[in-house]
Amino acid sequence: MKDTYILGIETSCDETAVAIVKNGKEIISNVVASQIESHKRFGGVVPEIASRHHVEQITIVLEEAFEESGLSWDDIDAVSVTEGPGLVGALLIGVNAAKALAFAKQKPLIGVHHIAGHIYANRLEEEFQFPLLALIVSGGHTELVLMKEHGNYEVIGETRDDAAGEAYDKVARMLNLPYPGGPHIDRLAAEGEVTIDFPRAWLEEDSYDFSFSGLKSAVINRIHNANQKGETLKQEDIAASFQASVVEVLATKTLKAAKQYQVKQVIVAGGVAANKGLRAELEAKFSETDIPLLIPPLKLCTDNAAMIAAAGTINYEQGRRSAMDLNANPSLTLR
Ligand code: KG4
Ligand code: ZN
C-alpha cells in the first residue's frame with residue numbers, strides 16, 4: 001500500500017506548529033514555535049497577542065517543517081488543521097492557512113478536533129488497542145474518552161468547571177509562580193509533604209465527571225486564612241497537598257472507568273500528562289492490573305502539530321473531508 005503523508009497545522013492556543021506525519025504513526029518533521037515568553041508577563045495567554053504571533057510565525061514554521069522533512073508538496077496527501085476548540089482568533093490563522101494551502105495545492109482539507117489530536121499523539125509511540133480509554137488533562141480540558149475504534153470518541157466524563165491544568169495555573173498564581181504554573185507546582189510538590197487535607201470532588205457515585213473549582217477555592221482560602229493569622233505555610237507543602245488531591249481523583253476515576261469498560265489500553269494526553277505525580281500514581285495503580293498504560297513523552301504531551309496530522313490521517317483514511325467553508329469553532333464537540 002502507498003504511504004500516506006499528512007501535513008498538520010495547530011494554532012489553537014499559544015503554539016504555532018506544523019508537522020508532517022507518515023501513515024499516522026511516524027513523525028517526519030515536527031516544528032513548534034512557542035509564544036510562552038510573550039504571554040508570561042501577563043500571567044496567561046492574551047488572545048490578541050496569540051493571534052498576532054500566529055500570523056507572524058505560520059509561514060516560517062511551515063517552511064521549516066518542509067525543510068526538516070526533505071519532502072515537497074507532491075508528496076503530501078492532505079492538509080489537516082485544528083478547527084477547534086481553542087481561541088477563535090488563534091484557530092482562524094491555522095484554518096485559513098490550511099484552506100489557502102489546500103486550495104492552492106489542490107489537496108483534501110481535513111478539520112481535526114484538538115482533543116482527538118492529543119489522543120493520537122500516543123499513536124506516534126505505540127499502536128492503539130481497542131477499546132481504549134483516554135484521560136485528557138490540559139489547560140483547557142479534563143476528559144475521559146472511550147474509543148471503540150479509530151475516529152470514534154465517546155466522552156464518558158468531563159470537568160464541570162475548571163480544567164485540571166487551569167486549576168494548576170490558578171493555584172500557581174496564588175503562590176506567585178510564573179505562568180504556566182503546572183510545572184512549578186509539580187517541582188515544589190516533589191519537595192513538600194501532604195500536610196493539608198484538601199477536598200476531593202468525587203461527585204455522584206457513578207459519575208466520571210470532574211470538578212476542580214472547589215479545590216482551587218479551598219487552596220486560596222487556606223492561604224488567605226494563614227496570612228490573616230500570620231501563620232506561614234510552606235509553599236512546597238501547599239503544592240504537595242493540592243497535587244495529591246488532583247492526582248488521587250484523576251487516577252482513581254481513570255482506573256475505575258478502565259475496569260468498568262474492560263479496556264485493552266489506557267492512554268494519557270495533554271499538558272498535565274507531563275506531571276510527575278500523576279504519572280507515578282497512574283503507573284502505580286495500573287501496575288496492579290494487566291491493562292497497559294501509555295503516557296507520551298513530554299514533547300508530545302503539550303500542543304504540537306504531529307498529533308493533529310496523526311488524528312487527521314484517520315479522517316483521511318476514513319474518507320472524512322472538510323469543505324472549503326470550514327470555519328474555526330471555539331466550542332467544537334468531540335465525536
Ligand atoms: O496541552 P497543553 O499544552 O495546552 C492546552 O491545550 O491547554 O497544556 C497546558 C497546561 C497548562 O495548564 C500547564 O500548567 C499544564 O498543562 N502543565 C502541567 C505540567 N506541565 C504542563 N501541569 C502539571 N504538572 C506539569 N508538570
Ligand atoms: Zn492542547
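The figures that follow rest on heavy atoms only: side chains count, while hydrogens, waters and symmetry mates do not. Note that ligands are numbered from 1 as they come in the structure, with each ligand's atoms numbered from 1 the same way.
Side-chain atoms of S241 do not come within 3.5 Å of backbone N or O of D197 as any donor-acceptor pair.
With no hydrogens or angles considered, a side-chain donor-acceptor pair links H114 and D303 at under 3.5 Å. Side-chain N/O atoms of Q35 and H39 include a donor and acceptor closer than 3.5 Å. Remark: the N30 side chain and the E68 side chain contain no N/O donor-acceptor pair separated by less than 3.5 Å.
Only the side chain of D169 comes within 4.0 Å of ligand 1, judged by heavy-atom distances. At a 4.0 Å heavy-atom cut-off, ligand 1 touches H114 through the side chain alone. Contact annotation: for D186 versus ligand 1, heavy atoms closer than 4.0 Å belong to the side chain alone. Of all the heavy atoms of H118, the ones lying under 4.0 Å from any atom of ligand 1 belong exclusively to the side chain.
The atom name of the N/O/S atom in D303 closest to the Zn ion (ligand 2) is OD1. Of all the N, O or S atoms in H118, the one closest to the Zn ion (ligand 2) is NE2.
Heavy atoms of other residues, nucleotides or ligands lying less than 6.0 angstrom from CZ of F103 number 12 at most.
In this structure, atom 1 (O) of ligand 1 lies nearest to the protein heavy atom G271 N, 2.9 Å. Counting only heavy atoms of the protein, atom 9 (C) of ligand 1 lies nearest to G139 N, 3.8 Å. Counting protein heavy atoms only, atom 15 (C) of ligand 1 is closest to V272 CG2, 3.9 Å.
In this structure, R279 does not pair ionically with E283, as no charged nitrogen and carboxylate oxygen lie closer than 4.0 Å. A salt bridge links R160 with E204: the closest approach of a Lys/Arg side-chain nitrogen to an acidic carboxylate oxygen falls below 4.0 angstrom. Residues R52 and E48 are not paired through a salt bridge, judged by the lack of any N-O separation under 4.0 Å between the basic side chain and the carboxylate.
Ranked by closest heavy atom to atom 22 (N) of ligand 1, the top entry among A163, G182, G270 is G182. When the heavy atoms of V45, N275, N304, I185 are ranked by distance to atom 24 (N) of ligand 1, first place goes to N275.
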| field | From CA spacing to verdict: salt bridge (Lys or Arg N to Asp or Glu O under 4.0 Å), K170, D162 | value | CA-CA 10 Å; K170 285 179 180 166; D162 292 353; 3.6 Å; yes
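Residue-ligand proximity, G165 to ligand 1, at heavy-atom distances under 4.0 Å covers atoms 12 (O). Atoms of ligand 1 found under 4.0 Å from any heavy atom of G140 (numbered from 1 in listed order, with element): 7 (O). Interface of A274 with ligand 1, defined as ligand atoms under 4.0 Å from a residue heavy atom, comprises 20 (N), 26 (N).
In terms of polar-atom proximity, defined here as any N/O pair under 3.5 Å, T302 makes no such contact with ligand 1.
At least one heavy atom of P183 lies less than 4.0 angstrom from ligand 1.
The cationic atom of K253 (NZ for Lys, CZ for Arg) lies less than 6.0 Å from the six-membered ring centre of F210 and within 45° of the ring axis.
Among the atoms of H141, no N, O or S atom is found under 2.8 Å from the Zn ion (ligand 2).
Between D186 and K276, the shortest heavy-atom distance links the atoms OD2-N, 2.9 Å.
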